[in-house]
Enquirer: 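Can you read through this structure? Questions will come right after.
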Amino acid sequence: MAYYRPPGPPADPILVRDLTRQQDELRTQVRLQPIPREPQLIAGCDSSFPTPETVLSVFVVLRFPTLEIVEKVYHTSPVTLPYIPGLLAFREAPNLLLAYDKLQHKPDIIMVDGHGIAHPRRMGIAAHLGVLLDVPTFGVAKQRLTGTYQEPAVTKGSITPLTERNGELLGEVIRSKDKVNPLFVSPGHRCDQPTATRLTLACLRGYKLPEPTRLADHWAEEFKKELW
DNA sequence: GCGACAG
DNA sequence: ATCTTGTCGC
Ligand SMILES: [Mg+2]
């Protein structure tokens with residue numbers, strides 16, 4: 001539990017205002033809908049930071065529903081923005097796009113480490129990336145960013161809604177494994193809540209994190225050490 | 001005005 | 001996200 005967060009570099013208020021407006025623009029392009037057909041390939045993506053000035057992003061592609069790994073790629077770039085709650089996409093998405101370009105096998109849908117529409121302006125990194133790539137996406141986050149919920153039962157598979165104060169459904173809180181902290185799953189772009197939840201559950205293999213995100217996180221860490 | 005705040 | 005050993009619970 002991060003009780004205390006050291007104050008990061010001062011965020012330029014003018015830049016924050018501009019990025020926030022960019023999100024409102026991108027938001028108009030988000031489409032929440034069921035996926036046309038069962039995915040053949042599902043990807044997972046995540047980023048790590050070998051140094052405070054370098055971002056390393058990974059994409060892993062798995063065959064669905066067997067989850068055999070088909071491909072994995074990574075790309076590194078200089079960091080251009082500090083972490084600012086609500087603006088994560090502007091820090092990680094640019095490099096994720098470059099990593100995505102390296103894929104020989106393009107996925108039918110992408111599971112992103114972070115939130116989809118469970119965001120103050122409904123533009124979490126999963127929604128943001130989905131719009132820029134125009135590919136179906138959904139987010140799987142380990143922590144809440146916004147919204148309220150009731151703790152789901154401690155047994156694997158328990159689910160409770162993540163909602164806005166006005167009752168709007170932002171996502172679902174899912175217990176992916178007995179007695180471990182739940183995940184926050186929300187659709188990003190060209191995807192809906194039932195699909196995001198269904199695919200998340202279908203990708204569980206005994207760990208807290210579903211395979212796409214778990215493997216992306218694993219390789220983001222491995223490739224980082226490899227640079228040593 | 002104060003607290004919260006993905007990765 | 002990152003640093004970083006042991007330790008507690010299932
Ligand atoms: Mg991550």
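All chains are named by letter (A, B, ...) in the order of the sequence lines, taking the proteins before the strands, and each is independently numbered beginning at 1.
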Enquirer: Check for a donor-acceptor pair, side chain of A:Gln23 on one end and backbone N or O of A:Gly86 on the other, with a separation under 3.5 Å.
Expert: yes
Enquirer: Is the cationic atom of A:Arg91 (NZ for Lys, CZ for Arg) positioned less than 6.0 Å from the six-membered ring centroid of A:Phe49 and within 45 degrees of its normal?
Expert: yes
Enquirer: How close or far is atom P of B:dC5 from atom NE2 of A:His115, stated in whole angstroms?
Expert: 10 Å
Enquirer: In whole angstrom, what separates A:Leu96's CG from B:dA6's C1'?
Expert: 14 Å
Enquirer: Using the test salt bridge (charged side-chain N to carboxylate O under 4.0 Å, His left out), find all partners of A:Lys225 that sit at least two apart in sequence or belong to another chain.
Expert: A:Glu222
Enquirer: Taking CD from A:Glu164 and C1' from B:dA4, how many angstroms apart are they, rounded to a whole number?
Expert: 13 Å
Enquirer: Would you indicate what A:Ile84 reaches in the nucleic acid, counting non-hydrogen atoms under 4.0 angstrom: base, sugar-phosphate, or nothing?
Expert: nothing
Enquirer: Is it true that A:Glu168 and A:Arg122 have a side-chain N and a carboxylate O under 4.0 angstrom from each other?
Expert: yes
Enquirer: Kindly say whether A:Gln150 contributes a backbone atom to a donor-acceptor pair with the side chain of A:Thr160 at under 3.5 angstrom?
Expert: yes
Enquirer: For A:Asp178, which contact category applies under a 4.0 Å heavy-atom criterion: base, sugar-phosphate, or nothing?
Expert: nothing
Enquirer: For the pair made of CG in A:Leu209 and P in B:dA6, what is the distance, rounded to whole Å?
Expert: 16 Å
Enquirer: Establish, yes or no, whether the cationic atom of A:Lys106 lies under 6.0 Å from the six-membered ring centre of A:Phe59 and within 45° of the ring axis.
Expert: no
Enquirer: Looking at DNA chain B, which of residues 137-144 of chain A put a heavy atom within less than 4.0 Å of it?
Expert: A:Ala141, A:Lys142, A:Gln143, A:Arg144
Enquirer: How many whole angstroms separate atom CD of A:Gln23 from atom P of B:dC5?
Expert: 18 Å
Enquirer: Just by distance, with hydrogens left out, do A:Thr51 and A:Glu53 show a side-chain donor and acceptor under 3.5 Å apart?
Expert: no
Enquirer: A:Tyr83 stacking on B:dG7: centroids under 5.5 Å, ring planes under 30°?
Expert: yes
Enquirer: What integer distance in Å separates A:Asp113:CG from B:dA6:P?
Expert: 12 Å
Enquirer: Do A:Val140 and A:His115 make a side-chain contact, defined as non-hydrogen atoms from C-beta onward lying under 4.5 Å apart?
Expert: no
Enquirer: Runs of at least three consecutive Watson-Crick or G-U pairs, both distances under 3.5 Å, are what I'm after; which ones involve DNA chain B?
Expert: none
Enquirer: Hey, does A:Asp46 have a side-chain heavy atom less than 4.5 Å from the side chain of A:Val58?
Expert: no
Enquirer: Between A:Phe184 and A:Tyr149, is the ring centre distance below 6.0 Å?
Expert: yes
Enquirer: Restricting both atoms to N or O, compile the protein contacts to nucleotides 2-8 of chain C shorter than 3.5 Å, with distance only.
Expert:
residue, atom, partner, partner atom, Å
C:dT2, OP1, A:Phe49, N, 3.3
C:dT2, OP1, A:Lys224, NZ, 2.7

Enquirer: Does anything in residues 193-208 of chain A pair up under side-chain hydrogen bond (donor to acceptor under 3.5 Å, both in side chains), and if so which pairs, sequence neighbours excluded?
Expert: A:Glu38-A:Arg198, A:Glu172-A:Thr197, A:Asp192-A:Thr195, A:Gln193-A:Thr197
Enquirer: Indicate yes or no: at least one non-hydrogen side-chain atom of A:Ile109 is less than 4.5 angstrom from one of A:Val135.
Expert: no
Enquirer: Suppose we call two aromatic rings close when their centres sit under 6.0 Å apart. Are A:Phe90 and A:His128 close by that rule?
Expert: yes
Enquirer: Determine yes or no for a side-chain-to-main-chain donor-acceptor pair under 3.5 angstrom, with A:Arg175 supplying the side chain and A:Pro152 the backbone.
Expert: yes
Enquirer: If I take atom CZ in residue A:Phe184 and atom P in nucleotide B:dC5, what distance separates them, rounded to the nearest angstrom?
Expert: 10 Å
Enquirer: C:dA1 C1' sits how many Å from A:Leu88 CG, rounded?
Expert: 9 Å
Enquirer: Take N1-N3 plus N6-O4 or O6-N4 for Watson-Crick, N1-O2 plus O6-N3 for G-U, both under 3.5 Å. Which runs of 3 or more such pairs involve DNA chain C?
Expert: none
Enquirer: Once you apply a heavy-atom cut-off of 4.0 Å, does A:Leu87 come out as touching a base, just sugar-phosphate, or nothing?
Expert: base
